Enquirer: 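Here it is, the structure in full.
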Amino acid sequence: MANSPASWLMKTEPDVFGIDDLARKRVEHWDGVRNFQARNHMRSMKVGDQVLFYHSSADPPGVAGLARVCRDAYPDFTSWDPKSKYYDEKSTPDSPRWSMVDVEFVEKFLHFIPLDQLRQTRGLEDMLVIRRGMRLSVQPVTPKEFELICRLGRGG
DNA sequence: GCCAACGTTGGC
DNA sequence: GCCAACGTTGGC
């Protein structure tokens, strides 16, 4: 492979859809992203890219496990469904405004990594997710950050 | 194209 | 539930 897979962090509220839900469903489409920057990140994703599965609005928030992109970006069909809470009148099947990818379950971490621990870990200080007020729900992660977090999650 | 008002995110 | 930080919208 010319390029090793890229790494990302994707936020989800576990009350709505958490790592256990993904473990049960195996594959899920990542609908509902309504932020252009986050959307653009998803559009640049490729099948095989690695995903840190992050629980937000949780107690505590943190990284719960890993997922993998299993379908390149395609139109988010909830955006033109008037019954969806993600409905956007500016989006149509002919001219979709929003995108999503499919992700598949990889693993649930043996050790959940709370946001506090991310903050205190040397080597992770540049991560967007620990920047106060950085609300981007889909964000890029460096290979080093990804590997470090995997080690923490597996207890190594 | 500026920027104030407004809505949302998300940690606390 | 609070509110800071940020993105989006819309009047001008």
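Note that this is a predicted model, so its numbers are computed, not measured.
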Enquirer: Less than 6.0 angstrom separating the ring centers of A:Trp98 and A:Phe77, yes or no?
Expert: no

Enquirer: Rounded to the nearest Å, what distance is computed from the CZ atom of residue A:Arg135 to the P atom of nucleotide B:dC12?
Expert: 15 Å

Enquirer: In whole angstrom, what separates A:Arg39's CZ from B:dT9's P?
Expert: 17 Å

Enquirer: Whole Å only: how far is the CZ atom of A:Arg97 from the C1' atom of C:dT9?
Expert: 10 Å

Enquirer: Assess whether one donor atom and one acceptor atom, taken from the side chain of A:Arg34 and the base of B:dT8, lie less than 3.5 Å apart.
Expert: no

Enquirer: Taking only residues at least two apart or on different chains, which pairs with a member in residues 60-74 of chain A satisfy side-chain hydrogen bond (donor to acceptor under 3.5 Å, both in side chains)?
Expert: A:Arg68-A:Glu104, A:Tyr74-A:Asp102

Enquirer: Select base, sugar-phosphate, or nothing to describe what A:Arg119 touches, counting heavy atoms under 4.0 Å on all strands.
Expert: sugar-phosphate

Enquirer: OP1, OP2 of B:dG11 versus side-chain N and O of A:Tyr54: anything below 4.0 Å?
Expert: yes

Enquirer: Check whether any side-chain nitrogen or oxygen of A:Lys90 sits under 4.0 Å from OP1 or OP2 of C:dT9, and answer yes or no.
Expert: yes

Enquirer: Identify the heavy atoms of A:Pro5 and A:Gly48 that sit nearest to each other, and give their distance.
Expert: CB-O, 3.3 Å

Enquirer: By nearest atom, which of the nucleotides B:dG11, C:dG7, C:dT9 is closest to the A:Asn35 side chain?
Expert: C:dG7

Enquirer: Which nucleotide in the list C:dT9, B:dG10, B:dT8 gets nearest to the side chain of A:Ser137?
Expert: B:dG10

Enquirer: Send over the distance from A:Asp116 CG to B:dC12 P, rounded to a whole Å.
Expert: 6 Å

Enquirer: Rounded to whole Å, please give me the gap between CZ in A:Arg131 and P in B:dG10.
Expert: 14 Å

Enquirer: Can a side chain N or O of A:Lys11 be found less than 4.0 Å away from OP1 or OP2 on B:dG10?
Expert: yes

Enquirer: Grab the CD1-C1' distance between A:Ile130 and B:dT9 for me, whole Å please.
Expert: 18 Å

Enquirer: Roughly how many Å is it from CD in A:Gln37 to P in B:dT9, rounded to a whole number?
Expert: 15 Å

Enquirer: Please list all pairs passing the salt bridge (Lys or Arg N to Asp or Glu O under 4.0 Å) test where one or both residues lie in residues 27-55 of chain A, with sequence neighbours left out.
Expert: A:Lys25-A:Glu28, A:Arg34-A:Asp76

Enquirer: Distance check needed: C:dT9 C1' versus A:Phe36 CZ, whole Å only.
Expert: 11 Å

Enquirer: ring-ring contact (aromatic ring centres under 6.0 Å, His included) with A:Phe53: which of A:Trp30, A:Phe112, A:Trp8?
Expert: A:Trp30

